Amino acid sequence: IVLWNSMIAGYVLSEQCVKAVELFHQMQWEGMKPDKYSLGSILGACICPEYLNYGKQVHTHTIKSGVDSILSVNNALVTMYARCGSIDNAKLVLEEMAERNVVSWTALIGGYVLHKHDEEALKVFCQMQRTGMKPNDITFASVLRACGNLAALENGKQVLAQIFKIGVDTNVCVCNALVRMYAQCGSIGDARKVFRNASERDLGTWNAMISGCAQHGHGKEGLYLFEKMLSVGVKPD
RNA sequence: CUUCAAUUCGUGCU
């Protein structure tokens, strides 16, 4: 079973979903019963709208297999529905979960952001905090994206206060999201400040700052930064 | 020993 699960996970990871599903069927044909790992993995192959119906079948399968109370399986279900654009179902699964963790909430928030329901994303973020669940760097990255999309600078600043409180302000993903959020809000100066003070800069940091400049009429600065990026050995994509 | 969430352009019938 571990071998089957590893193979399925490998295909999902390399985005060969059809192969993953084939293996999932083949293992059952050969008498194996999919467990929480197999089901969790195969849900990861159903994360686009075309596969929503298949994802629903897998959902039924998790119930029949009795793994529907397992946290990681439910998290995978939330993700599946959220990425397929069936966010109401994602929310329903989350609401009915007996146990939730930061992944559960972040998956739902990410779904709202992905489908441009940014106000709703912020609402869910507040709801999450009301339950006492502590957000992490990944949660903040999504929430900041929502703030950027809404050009909601005030919300963004409130979120920043939380980021400091939780102590993820030096996280590179959080910094990248902050740069983008400020740029989207038209606060290029704040974006620059975050960029300058970043303790670590990856390709994403440079991209966020350069596109921020490009979109706000700072073309020269963008080009300058691009050269600078090359000179410190970061390869453009 | 194998599963679950995230950030940085665009994805535009000019």
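Please read all numbers here as calculations on a predicted model, not as lab measurements. Every chain is numbered from 1, with letters handed out A, B, ... down the list of sequences.
- Whole-Å rounding puts the A:Tyr112 OH to B:A6 P distance at 16 Å.
- When all heavy atoms of A:Pro135 and A:Val102 are compared, the closest pair comes out as CA-CG2, 4.2 Å.
- Atom CD1 of A:Ile210 is separated from atom C1' of B:G10 by 15 Å (rounded to the nearest Å).
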Please set out all donor-acceptor pairs under 3.5 angstrom arising from side-chain atoms of residues 31-38 of chain A, sequence neighbours excluded.
| from | atom 1 | to | atom 2 | distance (Å) |
| --- | --- | --- | --- | --- |
| A:Asp35 | OD1 | A:Asn5 | ND2 | 3.2 |
| A:Asp35 | OD1 | A:Tyr37 | N | 3.0 |
| A:Asp35 | OD1 | A:Ser38 | N | 3.0 |
| A:Asp35 | OD1 | A:Ser38 | OG | 2.8 |
| A:Ser38 | OG | A:Asn5 | OD1 | 2.7 |
| A:Ser38 | OG | A:Asp35 | N | 2.9 |

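- A:Ser72 comes within 4.0 angstrom of a nucleotide base, judged by non-hydrogen atoms across all strands.
- Here the nucleotide nearest the side chain of A:Ser41, chosen from B:A6, B:U3, B:U8, is B:U3.
- Put simply, A:Arg145 has a side-chain N or O that comes within less than 4.0 Å of OP1 or OP2 on B:U8.
- Between A:Leu13 atom CG and B:C4 atom P the separation is 8 Å, expressed in whole Å.
- Non-hydrogen atoms lying under 4.0 Å from RNA chain B are contributed by A:Val103, A:Thr106, A:Ala107, all within residues 98-109 of chain A.
- Atom P of nucleotide B:U3 and atom CG of A:Leu23 are separated by 15 Å, given to the nearest angstrom.
- For the pair A:Tyr182 OH and B:U8 P, the computed distance is 16 Å after rounding to whole Å.
- Minimum heavy-atom separation, A:Leu71 to A:Ser104: CD1-OG, 3.9 Å.
- Taking the side chain of A:Ala177 as heavy atoms from C-beta on, and the options B:U8, B:C4, B:U7, the nearest nucleotide is B:U7.
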| message | Show, in sequence, the C-alpha distance, side-chain angles and deciding distance for A:Asn101 and A:Asn75, and conclude whether the side-chain hydrogen bond (donor to acceptor under 3.5 Å, both in side chains) test is met. | response | CA-CA 9 Å; A:Asn101 64 8; A:Asn75 286 344; 3.2 Å; yes

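- Using a 4.0 Å cut-off between charged side-chain N and carboxylate O, A:Lys91 and A:Glu95 make a salt bridge.
- In this entry the distance linking NZ of A:Lys91 with P of B:A5 reads 22 Å, nearest Å.
- At the heavy-atom level, A:Ser142 lies under 4.0 Å from the strands shown only through sugar-phosphate atoms.
- Donor-acceptor pairing under 3.5 Å, judged by distance alone, is absent between the side chain of A:Tyr37 and the base of B:U3.
- Taking the six-membered ring wherever Trp is involved, the centroid distance between the rings of A:Trp206 and A:Phe195 falls below 6.0 Å.
- Between A:Ile47 atom CD1 and B:C4 atom C1' there is a gap of 11 Å when expressed in whole angstrom units.
- Within 3.5 Å, no donor on the side chain of A:Asn176 pairs with an acceptor on the base of B:U8, nor the reverse.
- Comparing B:U2, B:A6, B:U8 against the side chain of A:Ala9 picks out B:U2 as the nearest.
- A:Lys157 has no carboxylate O lying under 4.0 Å from a charged side-chain N of A:Glu154, or vice versa, which leaves the two without a salt bridge.
- Between the NZ atom of A:Lys235 and the C1' atom of B:U8 there is a distance of 19 Å, given to the nearest Å.
- Distances shown here put a side-chain N or O of A:Arg180 below 4.0 Å from the OP1 or OP2 atom of B:C9.
- Applying the 4.0 Å criterion to OP1 and OP2 of B:C9, one finds that A:Ser211 has a side-chain N or O inside that range.
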